[in-house]
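Notes follow once the structure below has been shown.
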Amino acid sequence: MNKENFIKKVHLIISLIIVIPVSLIYGFKPSFQFDIHLNTTDELTFFKAMMGLYLGFSLLWILGLLKKNYLFVAIVSNVVFMLGLGVGRLISFIIDGEPSFIFIFGIFGELFLGCYGLWVLKKFKHISI
């Protein structure tokens with residue numbers, strides 16, 4: 001992988017390293033890492049659906065890493081995914097109060113990865129801002 005490809009793809013790799021394990025934790029054992037305790041089938045179903053959504057996006061990012069014609073859509077989906085999560089968590093922080101450290105770290109990480117993706121799209125002339 002040359003330097004340009006690394007710059008274009010590094011945030012997808014970082015996202016995969018984080019999102020895949022987190023999705024599995026959300027889906028199978030959210031109380032393992034988070035102060036989340038699910039009690040109803042509806043709550044369990046919701047978190048399994050989140051796991052599926054995270055894994056679906058991860059598959060798209062893997063395709064973007066492996067197939068050149070999927071890279072643009074992988075980057076755009078990563079930007080939307082990360083900025084959506086980051087802004088949602090930021091809104092919750094403002095309205096609901098301070099979450100645990102791991103979620104505060106998540107806000108910064110998601111906003112950084114989303115902005116990095118926007119920077120990649122601009123740098124390589126895929127968008128104009």
Side-chain angles (χ1 to χ4, degrees):
M1 181 181 295
N2 65 32
K3 182 180 178 181
E4 182 176 311
N5 275 338
F6 180 78
I7 291 169
K8 286 181 180 180
K9 297 178 179 181
V10 68
H11 68 293
L12 295 175
I13 295 167
I14 293 167
S15 295
L16 286 166
I17 290 169
I18 296 168
V19 168
I20 290 174
V22 167
S23 72
L24 296 173
I25 290 169
Y26 278 1
F28 295 112
K29 192 72 170 152
S31 61
F32 170 72
Q33 198 63 32
F34 308 106
D35 188 18
I36 297 172
H37 306 282
L38 307 178
N39 298 311
T40 69
T41 302
D42 287 347
E43 291 170 330
L44 293 166
T45 299
F46 178 82
F47 274 78
K48 295 283 189 309
M50 294 301 298
M51 176 186 71
L53 184 64
Y54 279 35
L55 291 174
F57 274 102
S58 295
L59 178 60
L60 182 57
W61 303 335
I62 290 168
L63 285 171
L65 290 172
L66 301 176
K67 304 277 188 183
K68 185 177 181 177
N69 49 333
Y70 284 93
L71 182 58
F72 176 75
V73 72
I75 294 171
V76 169
S77 70
N78 187 263
V79 167
V80 171
F81 183 90
M82 291 299 169
L83 291 180
L85 285 176
V87 169
R89 292 188 205 281
L90 191 59
I91 290 169
S92 178
F93 182 87
I94 293 166
I95 294 173
D96 305 322
E98 186 175 331
S100 64
F101 173 77
I102 196 160
F103 286 110
I104 293 172
F105 182 76
I107 293 169
F108 290 105
E110 290 154 356
L111 293 176
F112 173 79
L113 290 169
C115 289
Y116 184 89
L118 285 175
W119 175 80
V120 167
L121 292 172
K122 181 167 177 52
K123 178 172 178 57
F124 296 100
K125 310 289 189 250
H126 293 291
I127 63 168
S128 58
I129 296 178

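Just so we're clear, the structure is a prediction, and the values are computed from it rather than from any experiment.
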Should the ring pair Phe81 and Trp61 be called parallel, tilted or perpendicular, given that the plane angle runs from 0 to 90° and is split at 30 and 60? perpendicular

CZ/Phe34: more than 12 non-hydrogen atoms of other groups inside 6.0 Å: yes

Is it true that atom CG of Asp35 has more than 12 heavy atoms of other residues, nucleotides or ligands lying nearer than 6.0 Å? no

Between [X] and [Y], what is the shortest heavy-atom contact and its length?
X	Y	value
Gly64	Ala74	CA-CB, 3.7 Å
Ile7	Tyr116	O-OH, 2.8 Å
Pro30	Leu38	CG-CD1, 3.6 Å
Val76	Leu121	CG2-CD1, 4.0 Å

Look up atom [atom1] in [X] and atom [atom2] in [Y], then write down how far apart they are to the nearest 0.5 Å.
X	Y	atom1	atom2	result
Leu113	Leu83	CG	CG	9.5 Å
Phe72	Ser77	CZ	OG	10.5 Å
Tyr26	Met51	OH	CE	13.0 Å
Thr45	Glu43	OG1	CD	10.0 Å

Not counting sequence neighbours, which residues clear side chain to side chain donor-acceptor pair (under 3.5 Å) with Asn39? List them please. none

Considering residues at least two apart in sequence or located in another chain, which fulfil the side chain to side chain donor-acceptor pair (under 3.5 Å) criterion with Ser23? none

Please table the atom pairs, donor to acceptor, closer than 3.5 Å between any side-chain atom in residues 9-21 and protein atoms at least two apart or in another chain.
{"unit_1": "Lys9", "atom_1": "NZ", "unit_2": "Leu65", "atom_2": "O", "d": "3.1"}
{"unit_1": "Ser15", "atom_1": "OG", "unit_2": "His11", "atom_2": "O", "d": "2.7"}
{"unit_1": "Ser15", "atom_1": "OG", "unit_2": "Asn78", "atom_2": "ND2", "d": "3.0"}

Throw together a table of side-chain donor-acceptor distances under 3.5 angstrom for residues 100-108, partners on residues two or more places apart or in other chains.
none

Do the side chains of Tyr54 and Leu59 join up, straight or via other hydrophobic residues, at under 4.5 Å, putting them in one cluster? no

Do Val87 and Leu111 come close enough that some side-chain heavy atom pair is under 4.5 Å? yes

Full working for side-chain contact (heavy atoms from CB on, under 4.5 Å) between Phe124 and Val120: CA-CA 6 Å; Phe124 296 100; Val120 167; 3.8 Å; yes

May I have the step-by-step check of side-chain contact (heavy atoms from CB on, under 4.5 Å) for Ile91 and Ile94, ending in yes or no? CA-CA 5 Å; Ile91 290 169; Ile94 293 166; 5.8 Å; no

Ser92 side-chain N/O to Gly88 backbone N/O, donor-acceptor pair under 3.5 Å: no

Pairwise salt bridge (charged side-chain N to carboxylate O under 4.0 Å, His left out) hits with a residue in residues 67-88, at least two apart: none

Just grab all the salt bridge (charged side-chain N to carboxylate O under 4.0 Å, His left out) pairs involving residues 93-113, residues at least two apart or on different chains. Arg89-Glu110

